[in-house]
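These notes are about the structure you will find just below.
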Amino acid sequence: MSAATHTEVHANLTDEQVRQISDELDEPEWLLETRLDALEALESLDMPDVIRTPGRDWTNLHELDYESLVDPLNAAENKDQVGPEEAEVLAWSEAVNEHEELLKEHFGSVVDPQENYLTALSTALFSTGTVIYVPEGVDAEGVTVRTEQNSRSLFNYTLVVTEESSSVTILERQSTGEEQDEQYYSGIVEIVAGENSNVQYGSLQNLSEEAYNFTLKRGDADTYATIDWIEANLGTQLTKSGVETELNGDGSESQIVGAFYGHNDQHFDIDARVWHRAEHTTADLVTRGVTDDVARSVYEGVQDVGRSAWDTSSYQRENTLMLSDESEADASPKLIINNHDTEASHSATVGQIDQEDLLYMTSRGVQPRDARNMLVEGFFVPVLEEIAVDELRDDLEELIAARLRKRD
Amino acid sequence: MSSEQDHLKETDTEARFEFKKEQNAAVKSDKGLTEEVIRMISEDKDEPDWMLERRLRALKQYHNMPMPTDWPGQPDLTELDVEEIVPYIRPDVDKREGVDDWTELPDEIKDTFDKLGIPEAEKNALSGVGAQYESEIVYQNMQDQWEEKGVIFMNMDRAVQEHPELVKEHFMTTCVPASDNKFAALHGAVWSGGSFVYVPEGVTVEMPVQAYFRMNSEGMGQFEHTLIIAEEGSEVHYIEGCSAPKYGVHNLHSGGVEVFVEEDAHVQYSTVQNWSKNTFNLNTKRAIVEENGTMEWISGSMGSKATMLYPCSILKGRGATDTHITIAFAGEGQDIDTGAKVYHNAPETKSTIESKSISKDGGRTNYRGLVHIADGAENSSTAVECDALMFDNESTSDTMPYMEIEESKVDVAHEATVGKIGDEDIFYLQSRGLDDDDAKKMIVAGFIEPITEELPIEYAVELNRLIELEMEGSLG
């Protein structure tokens, strides 16, 4: 992207603000420096890449007025950070006190703070966060992180570190508290999955439909480690979300399960990416989404197989159901294959509700509206089935059903 | 099968493509792109003012447009220096519009096409042939039976003189305007040669017409323009073949193809491209398809150093249909970036894209495709299928489809697979007595069969033979 389209947001951001945020969290000097470097880098960084085809950008991040959305010293939230005793689930300020070495080693190691304009903005300004540390051999079920945003802007950071042969199941939720006109929520998630560990990270984003959202979740999987993601998006007027795994250890695996339901004028830009960088790695990407009214979905799925990734298996499916003529569904599932010892495939479909199915159901006495709703719910079933976290699955099902009930 | 093998023995494909000729030029432009060069080309062709004006306008557009550099994973064009390319070479032929008898050609040129087997193909299987050497068509003939029905098949330069109204209306106006991309603009400025095909209403040209393009000189650019107008209910199959010997410096091929498929008409456009491995092949090919018309693109991309080519169909009329069948083969040092573009702009339109690619010895293939279904193009459907076969670990195979769907009453499906050549398949064939090389050749032949079966037999044999040669190169 050219410099001409750069959004001048840093004009109203100062070193002092960043120092104040860092100071209130009692952060060590190196962390403050990382933040200040990120702030300074804003001047030269570009927005995250978006897909461009002749004549259009699929997602327009430049229209956002960050200056009016971002209020760095006014961050308010309700937060719930709980987990079982065997694992450590710490608020950011606690983690800064108790685990400085851990942070020093891993903070910014998976997502480069200066990867793009929005990651740098997030790094400079985040005021809340969670560190989840799972020691060797520990199985930690039921870690939950709930964030209810009560301010105009909120920057959140999550770090997950699992030691050898441990496992953890994390459920993250974002919602809006007191209704705000427009909000900006930005979240960075880094997962460092140690050898033979197993991470399941489910996320349910249900922010207000006036909100804007930028999130980047990325995991680094060591030998035989597994990172499974669930990425459900229902809220916001504009979401740019990336869910990514680097399979850096031999035999590592990742699954990315995505679900979205856009209505009104919502715009979801959802990326699922996996890099095969070691031998015998496996990835499975499954996303299903619905667009209704004038909503628009943009999906990019990348399966990137590196030169040394021998014996790779990589699969991707993306299906979009369009409920209205005015909605738009864009997709680009990409295969980048540099090692021939690979089995890789992707498929994508876009269509509407099957008219024969609808006819069949109505001929059996189901009201057309109920029949349609049942078919939409049925469309999500293959994705819901992949969600091993009961609570997330039930909640997502209920949110989908509620949205369908609201439909005319 | 046996007749195919006989055919293979008779034609030494490798020799046919590798030989070079001494330069044979009557007029040769300076290097680079200046207004003087453009005026010189236009004057040498004795063109009407309006064409010169279009050229000069395109030249301005060319200079104002940036090189494409920001496409994800695109071929490297840094070695291409357009200012070093000689855009125009008129070979020394007596008649400006080319001759209609092979024996009238200078021996060196006649030899070239003899070796390529073009006169032979004309006798056996074609309705007409055009042969371009450097920048000009040197041979052009059409069987009388088609001429009597009003079919026109002539060299594009001559069409400018003889059919100015048709050309003025269709030439780089609505289909491929010069403003479309940097290389379309370049093409619009320096274009020379190519074919003009006009098929009147209701006429079916049963045998294919063919044009063959040969670049012989070092460091030249070839910019032929092909314009096909198929009137209502007509049918024609156009085949283009391309080749060039290899030189140390880079050649540039930047053709322009515009196809107008009127109501109920049917056009098939087949290409077998085997440019030498120092050629940059950057083309713009596009068809506009009216109601119930059918456009079929069939391409085999074998040669070139780098190819960027995405034949495009604009399905403008209700019920229009598009078929793309493409095969790409990238060997050592080659980057074949090709695919298909389809715009569904009307209801009940249908497209099918089938793409096969093979990469080996460090070659890269990429399928880059765009399917756009506009709001209102209801009951349209598209199915895209890409399969890539990889031989070794130095090679790369990418798939980058883009789907923009603005209409809900559609059926969109995309599928892609990548895999190595199956060890089990090879083992099976070896157990039946084939050696490793032959087993691989057989697997590749089977892999590309869906493409070759769409081509006239001469071309199918040619394509198979070319791929065999490519494979022998490294399997040794």
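Chain identifiers are assigned alphabetically (A, B, ...) following the order of the sequence lines, protein sequences preceding nucleic acid strands; residue numbering begins at 1 within each chain.
Proximity to chain B is absent for every atom of A/Leu321, based on heavy atoms less than 4.5 angstrom apart. For B/Glu394, the part sitting under 4.5 Å from any heavy atom of chain A is the backbone (N, CA, C, O) and nothing else.
Considering NZ of A/Lys334 and OH of B/Tyr367, their distance stands at 13.0 Å, rounded to 0.5 Å. For the atom pair CZ of A/Arg296 and CD1 of B/Ile405, the computed distance is 11.5 Å after rounding to the nearest 0.5 Å. Between atom CE of residue B/Met390 and atom CG of residue A/Asp341 there is a gap of 10.0 Å, rounded to the nearest 0.5 Å. The CG atom of A/Leu335 sits 8.5 Å away from atom CG of B/Asp398, with the distance rounded to the nearest 0.5 Å. With rounding to the nearest 0.5 Å, the separation of CG in A/Asn338 from CZ in B/Arg364 is 9.0 Å. Note that the CD atom of B/Glu407 and the CE atom of A/Met322 stand 7.0 Å from one another [nearest 0.5 Å].
Using a cut-off of 4.0 Å between Lys/Arg side-chain N and Asp/Glu carboxylate O, B/Lys409 and A/Asp325 are scored as salt-bridged.
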* To do: Under the side-chain contact (heavy atoms from CB on, under 4.5 Å) rule, what do B/His372 and A/Thr53 come out as? Steps first, then yes or no, please.
  => CA-CA 10 Å; B/His372 182 97; A/Thr53 51; over 6 Å; no
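Residues A/Pro333 and B/Pro401 form a side-chain contact, since some pair of their non-hydrogen atoms from C-beta on lies under 4.5 Å apart. Counting only heavy atoms from C-beta outward, the side chains of B/Pro72 and A/Asp49 never approach each other to under 4.5 Å. Inter-residue side-chain proximity for B/Met400 and A/Ile336 is flagged as met; some heavy-atom pair is nearer than 4.5 Å. Counting heavy atoms from C-beta on, the side chains of B/Asn393 and A/Arg307 come closer than 4.5 Å. You'll find the side chain of A/His340 stays beyond 4.5 Å of the side chain of B/Ser397, heavy atoms only.
Residue B/Lys182 qualifies as enclosed at atom NZ: its count of foreign heavy atoms under 6.0 Å is above 12. For B/Met442, the CE atom is loosely surrounded, since the number of other residues' heavy atoms within 6.0 Å does not exceed 12. By the 6.0 Å contact criterion, CD on A/Glu377 is enclosed, its count of non-hydrogen atoms from other residues, nucleotides or ligands being greater than 12. No more than 12 heavy-atom neighbours from other residues, nucleotides or ligands sit within 6.0 angstrom of CD on B/Glu332.
Between B/Ser408 and A/Ser324, the shortest heavy-atom distance links the atoms CB-O, 3.4 Å.
Comparing B/Lys420, B/Lys341, B/Glu385 by how many heavy-atom pairs each has under 4.5 Å with chain A, the most go to B/Lys420. Ranking B/Asp387, B/Leu370, B/Val418 against chain A, the residue ahead of the rest is B/Val418, based on heavy-atom pairs under 4.5 Å. Interface remark: of the candidates A/Asp330, A/Val350, A/Leu323, A/Val350 forms the most heavy-atom pairs closer than 4.5 Å to chain B. With chain B as partner, the option from A/Gln303, A/Gln355, A/Arg56 having the largest number of non-hydrogen pairs under 4.5 angstrom is A/Arg56. The candidate from A/Ser347, A/Gly351, A/Ala348 with the greatest count of non-hydrogen atom pairs under 4.5 Å with chain B is A/Ala348.
B/Tyr402 and A/Trp58 have perpendicular rings, their planes meeting at more than 60° on a 0 to 90° scale where under 30° would count as parallel.
Annotation: side chain to side chain donor-acceptor pair (under 3.5 Å) contacts of A/Arg218 (sequence neighbours excluded): A/Glu115, A/Glu244.
Of residues 246-285 of chain A, no residue lies under 4.5 Å from chain B by any heavy-atom pair.
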